[in-house]
Amino acid sequence: MGIADELVENNTRYAAEYTPDRPLPPRRQLAVVACMDSRLDVFALLGLEVGDAHIMRNAGGVITDDMIRSLVISQRKLGTREIILIHHTDCGALTFTDDELRNDLLDETGIKPAWSPESFTDLDVDLRQSMERLRRDPFLVDSTQVRGFVFDVHTGKLREVV
């Protein structure tokens, strides 16, 4: 049995206890942007339940144009107001440079990607830059409630970056 088959089986058990028809807007009016790292259980580490928040993830948890698009929809159409950003220690985005990945892809495929890998060398600096980008975005309804944290994958604790 493949992984997808196992997951479909898991879904059968999940569906048997599923709570249907929850409200569309997040109960806590919260949007969380985090890294896609599989070690981060965003709901558990923040004590959230399904329906509390929009959880948005990408490589590095960086604020890209597409992430801003999602946050604008989250705020303007679904009522979120507070935004929390979560980076984490031992992040894969710390292990390469943008130019390195672009050149690797060029060598392998003959094409450089049109998108930026958005790697970084310092968690705090990148987090501050991401928070500032959100605070200056004209399309967000409320950019005053943006906070950033670094999750320590060794201790499970959050550290706020101001």
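Position 1 is the first residue of the sequence; numbering continues from there.
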Pair L105, N103 - check side chain to side chain contact (heavy atoms under 4.5 Å, CB included), show working. CA-CA 5 Å; L105 293 171; N103 289 331; over 6 Å; no

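- Closest approach of M131 to G148, counting heavy atoms only: SD-N, 3.1 Å.
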May I have the step-by-step check of side chain to side chain contact (heavy atoms under 4.5 Å, CB included) for E82 and Q29, ending in yes or no? CA-CA 7 Å; E82 197 163 339; Q29 297 182 314; over 6 Å; no

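- Donor-acceptor pairing under 3.5 Å is recorded for the side chains of D98 and S119.
- Linking ILVMFWY side-chain heavy atoms closer than 4.5 Å, directly or via other members, places I63 and V150 in a single hydrophobic cluster.
- Counted within 6.0 Å of CZ on F139, heavy atoms from surrounding residues, nucleotides or ligands total 12 or fewer; the atom is thus considered open.
- Remark: K112 does not engage D104 in a salt bridge, criterion side-chain N to carboxylate O under 4.0 Å.
- Side-chain contact between L46 and I86 is present, with heavy atoms from C-beta onward closer than 4.5 Å.
- Grouping the Ile, Leu, Val, Met, Phe, Trp and Tyr side chains by contacts below 4.5 angstrom, directly or via other members, places L101 apart from L106.
- Here the closest non-hydrogen pair linking C91 and G60 is SG-CA, 4.1 Å.
- You'll find the side chain of L85 reaches within 4.5 Å of the side chain of L134, heavy atoms only.
- Crowding of R147 atom CZ: a count of heavy atoms from other residues, nucleotides or ligands under 6.0 Å not exceeding 12.
- Taking hydrophobic clusters as Ile, Leu, Val, Met, Phe, Trp and Tyr residues chained together by side-chain heavy-atom distances below 4.5 Å, M56 does not share a cluster with L45.
- Between V50 and R22, the closest heavy-atom pair is CG1-NH1, 3.2 Å.
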Taking it one step at a time, do L140 and Q75 satisfy side chain to side chain contact (heavy atoms under 4.5 Å, CB included)? CA-CA 7 Å; L140 291 170; Q75 284 197 344; 3.4 Å; yes

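- The NZ atom of K157 lies 15.0 Å from the CZ atom of F149; values are rounded to the nearest 0.5 Å.
- In this structure the side chain of V141 reaches within 4.5 angstrom of the side chain of R81, judged on heavy atoms.
- With hydrogens and angles left out, the side-chain atoms of D66 and T64 include no donor and acceptor closer than 3.5 Å.
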For residues 8-21, dump all side-chain donor-acceptor pairs below 3.5 Å to protein atoms at least two apart in sequence or in another chain.
from: N10; atom 1: OD1; to: R13; atom 2: NH2; distance (Å): 2.5
from: T12; atom 1: OG1; to: V8; atom 2: O; distance (Å): 3.2

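- Using a cutoff of 4.0 Å between basic side-chain nitrogens and carboxylate oxygens, D65 and R133 are scored as salt-bridged.
- Atom CG of D124 and atom CD of Q129 lie 13.0 Å apart (nearest 0.5 Å).
- Considering only heavy atoms from C-beta on, E100 stays 4.5 Å or farther from P117 through its side chain.
- For the ring pair (Phe, Tyr, Trp, His ring centres under 6.0 Å) test, residues two or more places apart in sequence or in another chain that qualify with H87 are F120.
- A salt bridge links D52 with R27: at least one charged nitrogen is closer than 4.0 Å to a carboxylate oxygen.
- In plain terms, the two heavy atoms of D122 and L94 that are nearest each other are N-CD2, 4.1 Å.
- The heavy-atom pair separating R76 from P138 by the smallest distance is NH2-O, 4.1 Å.
- Tracing side-chain contacts under 4.5 Å through hydrophobic residues (I, L, V, M, F, W, Y), one reaches V146 starting from L123; they form part of the same cluster.
- Enclosure of atom CD in E160 by more than 12 non-hydrogen atoms of other residues, nucleotides or ligands within 6.0 angstrom is indicated.
- Taken from CG in L30 to CD in Q145, the straight-line distance is 10.0 Å, to the nearest 0.5 Å.
- Think of I73 as one node in a network of Ile, Leu, Val, Met, Phe, Trp and Tyr side chains linked at under 4.5 Å; it has no links at all.
- Atom CG of L7 has more than 12 heavy atoms from other residues, nucleotides or ligands within 6.0 Å.
- One hydrophobic cluster, built from ILVMFWY side chains closer than 4.5 Å, cannot hold both V62 and I55; they sit in different ones.
- Residues E132 and R136 are paired through a salt bridge, judged by an N-O separation under 4.0 Å between the basic side chain and the carboxylate.
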Please report the C-alpha distance between S74 and T80 in whole Å, then the side-chain angles of each, then the deciding distance to 0.1 Å, and finally whether the side chain to side chain contact (heavy atoms under 4.5 Å, CB included) criterion is met. CA-CA 6 Å; S74 177; T80 62; 2.7 Å; yes

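- Among all heavy-atom pairs drawn from L78 and H54, the shortest one is CD1-CE1, 3.6 Å.
- The shortest distance between side-chain heavy atoms of H88 and D37 falls below 4.5 Å.
- Annotation: side chain of I83 is not in contact with side chain of D142 (no heavy-atom distance under 4.5 Å).
- Put simply, the side chain of V42 reaches to within 4.5 Å of the side chain of R57, judged on heavy atoms.
- R135 places none of its side-chain heavy atoms less than 4.5 Å from the side chain of T144.
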